[in-house]
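Indexing begins at 1, ligand by ligand and atom by atom, following the structure's order.
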Amino acid sequence: MLDSGVLRSVMLAASRSPGIRRMVEGSRLTAPIVGRFVAGTTVDEVVAVARRIATDRLVTIDYLGEDVGDKAQVEVGVAAYLTLLRRLGEEGLAERVEVSVKLSALGQSLPTDPDKIALHAARQICEGAEAVGTTVTVDMEDHTTTDATLATVRDLRADYPWVGAVLQSQLRRTEADCRDLAGPGSRVRLCKGAYDEPAAVAFRRREDVDASFVRCLKVLMAGSGLPMVATHDPRLVAIARFLADRNARTTDRYELQMLHGVRPRAQVALAAEGQTVRVYLPYGTQWFGYFMRRLGERPANLAFLARSLVSRG
Ligand SMILES: Cc1cc2nc3c(=O)[nH]c(=O)nc-3n(C[C@H](O)[C@H](O)[C@H](O)COP(=O)(O)OP(=O)(O)OC[C@H]3O[C@@H](n4cnc5c(N)ncnc54)[C@H](O)[C@@H]3O)c2cc1C
């Protein structure tokens with residue numbers, strides 16, 4: 001049996017291979033498992049899924065894409081977000097559905113002026129969100145981008161104080177970042193972190209990542225922002241609820257967040273218990289990197305993929 005850390009490293013390495021990308025993207029056989037995590041490729045498709053989920057949960061829509069190669073692609077991404085936001089407004093969904101953005105999809109990985117380009121693009125998306133009355137959360141990518149991403153969030157918050165930040169408990173720095181970001185009104189999504197990080201900057205053992213998650217939760221729950229607890233780990237969800245209670249936080253003062261397609265029954269059950277549950281819902285044609293990270297998180301996902309290939313082959 002493949003160790004879960006090894007599986008994750010293998011899948012993340014595979015996600016950087018153009019050959020594997022062509023094979024996975026080109027195969028009709030992967031469609032069923034991709035469809036479990038990704039809500040289609042068009043705005044119509046994602047809005048239909050969001051509408052269904054929003055009956056009992058909140059939603060964060062992500063237009064898939066990362067590491068764009070030129071400014072034209074950044075403009076395509078911004079236009080896609082603005083179209084999506086207008087639709088959310090027209091369909092009366094903006095109160096329950098926000099958007100998430102990856103700065104590498106907005107130019108943060110371009111060779112010249114990356115932070116300025118990404119900030120400008122993110123501002124345009126924030127303007128569109130404000131116009132329809134919803135919010136934006138800035139996803140966190142690998143550790144080489146943490147400082148730049150947090151700086152961009154700080155800049156955006158000067159005009160749009162509701163912009164959400166994301167912190168990853170696997171990084172050694174994160175407890176300190178939580179202290180910096182636990183102030184009034186600060187929306188902070190805490191997750192374990194989906195990237196394969198070196199031991200110099202990150203905890204590598206699951207127990208250490210989880211212990212860091214709890215320390216970070218303690219800081220965020222005791223603070224005066226809005227903790228957004230992004231994990232499917234039942235133990236951490238229970239600890240989050242306990243800490244919320246201990247800090248006299250009612251269910252409108254924190255969120256439990258999960259990914260579309262992961263523990264859907266738990267999502268519905270938590271919402272039925274009165275918890276505020278938000279589902280991260282990605283869509284678009286650039287699903288490969290996101291999909292590979294999800295496969296690497298659970299050996300059973302790979303087995304599911306293998307079964308679907310065999311039974312259709
Ligand atoms: C709302 C949300 C937003 C996120 N945003 C970011 C971000 O901006 N940056 C970032 O680096 N990471 C992000 N992540 C991903 C996160 O960092 C983890 O990689 C991912 O959530 C798995 O960690 P876990 O906390 O669920 O714990 P794990 O210990 O990985 O999983 C706990 C249990 O959850 C279930 N589970 C977890 N993942 C899967 C899966 N893929 N398929 C099936 N079952 C699964 C399994 O039952 C597993 O035993 C986000 C996650 C969520 C929920």
Query raised in the report: So is Met258 polar-close to ligand 1, meaning N/O to N/O under 3.5 Å?
Result: no
Requested in this report: Please state which part of Asn301 comes within less than 4.0 Å of ligand 1, counting heavy atoms only: side chain, backbone, both or neither.
Outcome: side chain
Report task. State whether a side-chain donor-acceptor pair under 3.5 Å links Glu175 with Ser212. Result -> no
Report summary line: shortest atom 39 (C) of ligand 1-to-protein heavy-atom contact is with Val262 CG1, 3.8 Å
Query - atom 44 (N) of ligand 1 - nearest protein heavy atom and its distance - result: Arg298 CD, 3.0 Å
Query raised in the report: Between Lys102 and Asp67, is there a salt bridge with N-O shorter than 4.0 Å?
Result: no
Requested in this report: Starting from atom 51 (C) of ligand 1, find the nearest protein heavy-atom neighbour and note its residue, name and distance.
Outcome: Leu259 CD2, 3.7 Å
Report summary line: shortest atom 34 (O) of ligand 1-to-protein heavy-atom contact is with His232 CB, 3.1 Å
Query raised in the report: With distance as the sole criterion, is a donor-acceptor pair present between the side chains of Asp142 and Thr144 under 3.5 Å?
Result: yes
Query - Contact bool for atom 53 (C) of ligand 1 (protein heavy atom, d < 4.0 Å) - result: yes
Query raised in the report: Will you find, in the side chains of Ser186 and Arg157, an N or O donor that is under 3.5 Å from an N or O acceptor?
Result: yes
Query - For atom 27 (O) of ligand 1, the protein heavy atom that lies nearest, with its residue and separation - result: Lys192 NZ, 3.1 Å
Report task. Specify the protein heavy atom at minimum distance from atom 24 (P) of ligand 1: its residue, its atom name, and the distance to 0.1 Å. Result -> Thr231 OG1, 3.6 Å
Report task. Starting from atom 8 (O) of ligand 1, locate the nearest protein heavy atom and write down its residue, its atom name and how far away it is, to 0.1 Å. Result -> Met140 N, 3.1 Å
Query raised in the report: What about the rings of Phe37 and Tyr290, do their centers lie closer together than 6.0 Å?
Result: no
Query raised in the report: So which heavy atom in the protein is nearest atom 17 (O) of ligand 1, and how far is it from that ligand atom?
Result: Gly193 N, 2.6 Å
Query raised in the report: Hey, is Glu297 close enough to Arg293 for a salt bridge, meaning N to O under 4.0 Å?
Result: no
Query raised in the report: Looking only at heavy atoms, is any part of Arg189 under 4.0 Å from ligand 1, and if so is it the side chain, the backbone, or both, or is it neither?
Result: side chain
Query raised in the report: Does some non-hydrogen atom of Arg206 fall short of 4.0 Å from ligand 1?
Result: yes
**Report entry** Proximity of Arg278 to ligand 1 by residue part, where a heavy atom lies under 4.0 Å
**Finding:** neither
Query raised in the report: Taking 4.0 angstrom as the limit, do Arg86 and Glu91 come out as a salt bridge?
Result: no
Query - Min heavy-atom dist Arg36 to ligand 1 below 4.0 Å - result: yes
**Report entry** Arg173/Asp147 ion pair, N-O < 4.0 Å
**Finding:** yes
Report summary line: Closest heavy-atom approach to atom 19 (O) of ligand 1 among Glu297, Arg293, Lys102 is made by Glu297
Report task. Determine, for Asp139 against Arg189, whether the closest basic-nitrogen to carboxylate-oxygen distance falls under 4.0 angstrom. Result -> yes
Query raised in the report: Does the side chain of Thr251 come under 3.5 Å of the side chain of Gln275 through a donor N or O and an acceptor N or O?
Result: no
